[in-house]
Amino acid sequence: MTLQIVIGGAFGDEGKGKITSWLAKYAKIDAAVRAGVGPNAGHSVVYQDKLYKLRLIPSGFVADDAKIYISAGVLINIDILMKEIELTGVRDRIFIDRHTGVITDEHIDREKGNKHLMDTVGSTGSGCGPTHVDRVNRSLKLAKDYPELLPYIVDVSKEVHDLLEDGKNVVIEGSQATFLSLYHGTYPYVTSKDVCASGALSDVGLGPTMVDEVILVLKAFMTRVGEGPFENELEPAEVEKRGWQEYGTVTGRLRRAAPFNYEMAKIAVRINGASSIAITKMDILFPELKGANRLDQLTPEAREFIHKIEDETKVHVKYVSTGPEVDAMIIRE
Ligand code: GTP
Ligand code: IMP
Ligand code: MG
């Protein structure tokens, strides 16, 4: 059995979706489990020439027979979930924990009407923060309280534990990232819960002794969407000149950008107990790498960058992503 956790090492949008979809296709995944906050996230997965923009379904859905789980710690928006179930065709293999929290229109209105959240923090308007407020107040309705969800309801902690005992491979997919964590991020410019590796385990209902690999996903440059401190931030014109511009999957907002930050990578390694690093968008930093999937295609400049990350963080860079497509990946064993 193997239990892998995929966690963002910066401000989100590192490409966790891409890394998880690769694991799903090539590492024989039996189950993909969504952790993290909720539909404030947006993962892009490019699979068989099709672009999927997903907010709730874990990117591991690309493994044909894998079971798909939404864990207890996650918040769902039932409309978004149902649309994504149709889009990905996972109706017969998706399961939702009975304790998963449910976002209503009222939560979304409350968030959109909250100037502090919308203007100061730069919230996504998906209603996650106010839904957590109700959960803390113990007034929130959970998945088990909605008859239309009953066909999907299970105890995800138990199911995943049983799969692991049975020798199966499971990937937990976090959302958001280390520096957006309510506890360890750049408070108050953060999301509404802890989203680091231990938080993801707690979302699912598993203990730390079960974990085999914590994969910290870092992008070859930094991006941040929404407000908050951002060291060495580049002017928009410079971002464009470098070809680093990106737009948010959920909000369509232009992402802020800055060069790779080794100090933050070290902190993220510590907070998450990273056992390997995945580095994405290497093709944007080094265009010769576009679509590369063999070790010998790594250029001297790319090798130097990878070695510097390893020297600084003391963690092995195992996954090198060279394009949005699942197959654009170099593995360094
Ligand atoms: P959150 O859970 O919202 O934090 O998202 P995420 O970490 O899954 O990342 P997201 O999909 O929002 O953003 C990453 C973007 O980069 C997507 O558009 C991906 O398709 C793209 N991407 C991922 N890896 C690579 C890569 O190696 N090269 C290129 N060019 N694009 C990539
Ligand atoms: P909220 O979680 O919607 O309240 O947003 C709080 C902050 O986290 C804002 O700055 C958002 O832009 C940011 N944020 C939340 N989810 C994501 C994500 O998935 N990727 C990147 N930023 C996010
Ligand atoms: Mg995203």
Side-chain angles (χ1 to χ4, degrees), residues 6-22 34-47 51-56 58-60 75 103 107-108 110-112 114 116-133 173-182 185-193 195 216-221 223-230 243-253 255-256 278-287 289-293 319-330:
V6 176
I7 288 287
F11 293 103
D13 309 320
E14 298 89 355
K16 295 178 287 293
K18 155 68 195 270
I19 299 300
T20 318
S21 58
W22 186 89
R34 174 70 147 77
V37 181
N40 50 349
H43 299 304
S44 301
V45 179
V46 182
Y47 186 62
L51 170 66
Y52 297 86
K53 291 187 172 190
L54 301 173
R55 297 172 62 178
L56 282 168
S59 315
L75 303 175
I103 301 170
H107 294 115
I108 296 172
R110 226 195 294 164
E111 179 161 303
K112 288 187 171 159
N114 183 322
H116 171 67
L117 287 179
M118 296 307 291
D119 298 346
T120 308
V121 177
S123 285
T124 55
S126 54
C128 294
T131 309
H132 277 144
V133 169
E173 183 175 345
S175 71
Q176 290 73 40
T178 308
F179 298 102
L180 290 177
S181 163
L182 181 63
T186 55
Y187 187 91
Y189 308 100
V190 293
T191 190
S192 48
K193 67 184 267 197
V195 287
L216 189 75
V217 186
L218 299 169
K219 183 151 56 181
F221 50 92
T223 60
R224 173 161 208 174
V225 60
E227 304 306 315
F230 194 35
W244 292 2
Q245 71 277 24
E246 289 182 11
Y247 295 88
T249 311
V250 174
T251 56
R253 292 180 290 186
R255 291 176 182 160
R256 302 154 68 193
I279 180 103
T280 62
K281 293 224 160 180
M282 284 291 276
D283 54 307
I284 302 293
L285 218 54
F286 307 103
L289 290 187
K290 189 157 184 48
N293 52 17
Y319 309 87
V320 179
S321 175
T322 60
E325 309 80 16
V326 173
D327 294 315
M329 181 87 104
I330 298 173

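Start at 1 and go down the list; that is how both ligands and their atoms are numbered.
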Can you tell me which residue and heavy atom of the protein come closest to atom 30 (N) of ligand 1, and the distance to 0.1 Å?
-> Asp283 OD2, 2.8 Å
Taking both backbone and side-chain atoms of Arg255, is any N or O found less than 3.5 Å from an N or O belonging to ligand 1?
-> yes
Would you call Thr322 and Asn293 a side-chain contact if the rule is heavy atoms closer than 4.5 Å?
-> no
Under 4.0 Å from one or more heavy atoms of Ile284, ligand 1 contributes atoms 30 (N)
Proximal atoms of ligand 2 relative to Phe11 (non-hydrogen, under 4.0 Å) = 21 (C), 22 (N)
Give the C-alpha distance, both sets of side-chain angles, the deciding distance and a yes or no for side chain to side chain contact (heavy atoms under 4.5 Å, CB included) between His43 and Glu173.
-> CA-CA 10 Å; His43 299 304; Glu173 183 175 345; 3.1 Å; yes
Tell me which part of Thr249 gets within contact of ligand 1: side chain, backbone, both or neither, using heavy atoms under 4.0 Å.
-> side chain
Using only N, O or S atoms, tell me which atom of Asp13 is closest to the Mg ion (ligand 3).
-> OD1
With a 4.0 Å cut-off on heavy atoms, does Arg253 reach ligand 2?
-> yes
Do Arg253 and Glu246 meet the salt-bridge criterion of a basic N to acidic O distance under 4.0 Å?
-> no
How close do Ile284 and Pro287 get, heavy atom to heavy atom, and via which atoms?
-> O-CD, 4.2 Å
Backbone N/O of Gly226 and side chain of Arg255: donor-acceptor pair under 3.5 Å | no
Just need the protein heavy atom nearest to atom 2 (O) of ligand 2, so name the residue and atom and give the distance.
-> Thr191 OG1, 2.6 Å
Does the side chain of Ser321 reach to within under 4.5 Å of the side chain of Asp283, using non-hydrogen atoms?
-> no
With the side chain counted from C-beta on, respond yes when Ser44 and Leu51 share a heavy-atom pair under 4.5 Å apart, and no when they do not.
-> yes
Lys290 atom NZ: more than 12 heavy-atom contacts under 6.0 Å | yes
Looking only at protein heavy atoms, identify the closest one to atom 19 (C) of ligand 1 and say how far it is in Å.
-> Ser44 CB, 3.9 Å
With heavy atoms of Val190 as the reference, note each atom of ligand 2 found under 4.0 Å away.
-> 6 (C), 7 (C)
Among the heavy atoms of Asp13, does any lie under 4.0 Å from an atom of ligand 2?
-> yes
Report yes if some N/O of Val225 lies less than 3.5 Å from some N/O of ligand 2; otherwise report no.
-> yes
In the protein, which heavy atom is nearest to atom 4 (O) of ligand 2, and how far is it?
-> Ser123 OG, 2.7 Å
Ligand-residue contact atoms, ligand 1 with Gly323, heavy atoms, under 4.0 Å | 25 (C), 26 (C), 27 (O), 28 (N), 29 (C)
Which residue supplies the protein heavy atom nearest to atom 18 (C) of ligand 2, what is that atom called, and how far is it?
-> Gln176 NE2, 3.9 Å
Could you verify whether a donor N or O on one side chain and an acceptor N or O on the other, from Thr191 and Asn40, lie under 3.5 Å apart?
-> yes
Going by the atom numbers of ligand 1, which of them fall below 4.0 Å from some non-hydrogen atom of Gly17?
-> 8 (O)
Is any N, O or S atom of Gly42 under 2.8 Å away from the Mg ion (ligand 3)?
-> yes
So, the side chain of Ser192 versus the backbone of Val37: is there a donor-acceptor pair under 3.5 Å, distance only?
-> no
Is the Phe179 to Tyr189 ring centre distance short of 6.0 Å?
-> no
Which is it for Lys16 and ligand 1 at heavy atoms under 4.0 Å: side chain, backbone, both or neither?
-> both
Side-chain contact test, heavy atoms from C-beta onward, threshold under 4.5 Å: evaluate it for Lys18 versus Glu325 and give yes or no.
-> no
If hydrogens are left out, which of Asn114, Thr124, Val195, Thr223 has an atom nearest to atom 3 (O) of ligand 2, that is, the closest non-hydrogen atom?
-> Thr124
Just need the protein heavy atom nearest to atom 14 (C) of ligand 1, so name the residue and atom and give the distance.
-> Asp13 O, 3.6 Å
When only distance counts, is Ser192 in polar contact with ligand 2, meaning an N/O pair under 3.5 Å?
-> no
Of all heavy-atom pairs linking Asn114 and His116, the shortest is OD1-N, 3.0 Å
Looking at atom 32 (C) of ligand 1, what's its closest protein heavy atom, distance included?
-> Lys281 CE, 3.6 Å
Exam field: side chain Lys281 to backbone Gly323, donor-acceptor pair closer than 3.5 Å = no
Give the atoms of ligand 1, by number and element, whose distance to some non-hydrogen atom of Gly12 is under 4.0 Å.
-> 4 (O)
Given side chains that start at C-beta, do those of Thr280 and Val217 come closer than 4.5 Å, heavy atoms only?
-> yes
Whether Val121 lies under 4.0 Å from ligand 2, heavy atom = yes
Val195 and Thr178, any side-chain heavy atoms less than 4.5 Å apart = no
Considering distance alone, does some N or O of Val46 sit under 3.5 Å from an N or O of ligand 1?
-> no
When you check the side-chain N and O atoms of Thr120 and Glu227, is any donor under 3.5 Å from an acceptor?
-> no
Mark the output for Thr249 as yes if a heavy-atom distance to ligand 2 is under 4.0 Å, and as no if none is.
-> no
For atom 14 (N) of ligand 2, grab the closest protein heavy atom and report residue, atom and distance to one decimal in Å.
-> Leu180 CD1, 3.8 Å
Side-chain H-bond candidate by donor/acceptor type, Lys16 with Thr20, under 3.5 Å = no
Near Lys18, which atoms of ligand 1 are under 4.0 Å from a heavy atom of that residue?
-> 23 (C), 24 (N)
Answer yes if the side chains of Ser175 and Arg34 hold a donor-acceptor pair under 3.5 Å, and no otherwise.
-> yes
Looking only at protein heavy atoms, what sits closest to atom 8 (O) of ligand 1 is His43 ND1, 2.6 Å
Protein contact of atom 10 (P) of ligand 1 - nearest heavy atom, named by residue and atom, plus distance = Gly42 O, 3.6 Å
For ligand 1, which atoms have a heavy atom of Ser321 less than 4.0 angstrom away?
-> 24 (N), 25 (C), 26 (C), 27 (O)
Quick one: does Ala177 get within less than 4.0 Å of ligand 1, heavy atoms only?
-> no
Nearest-neighbour protein heavy atom for atom 9 (C) of ligand 2, which is reported as residue plus atom name and distance = Gly122 O, 3.2 Å
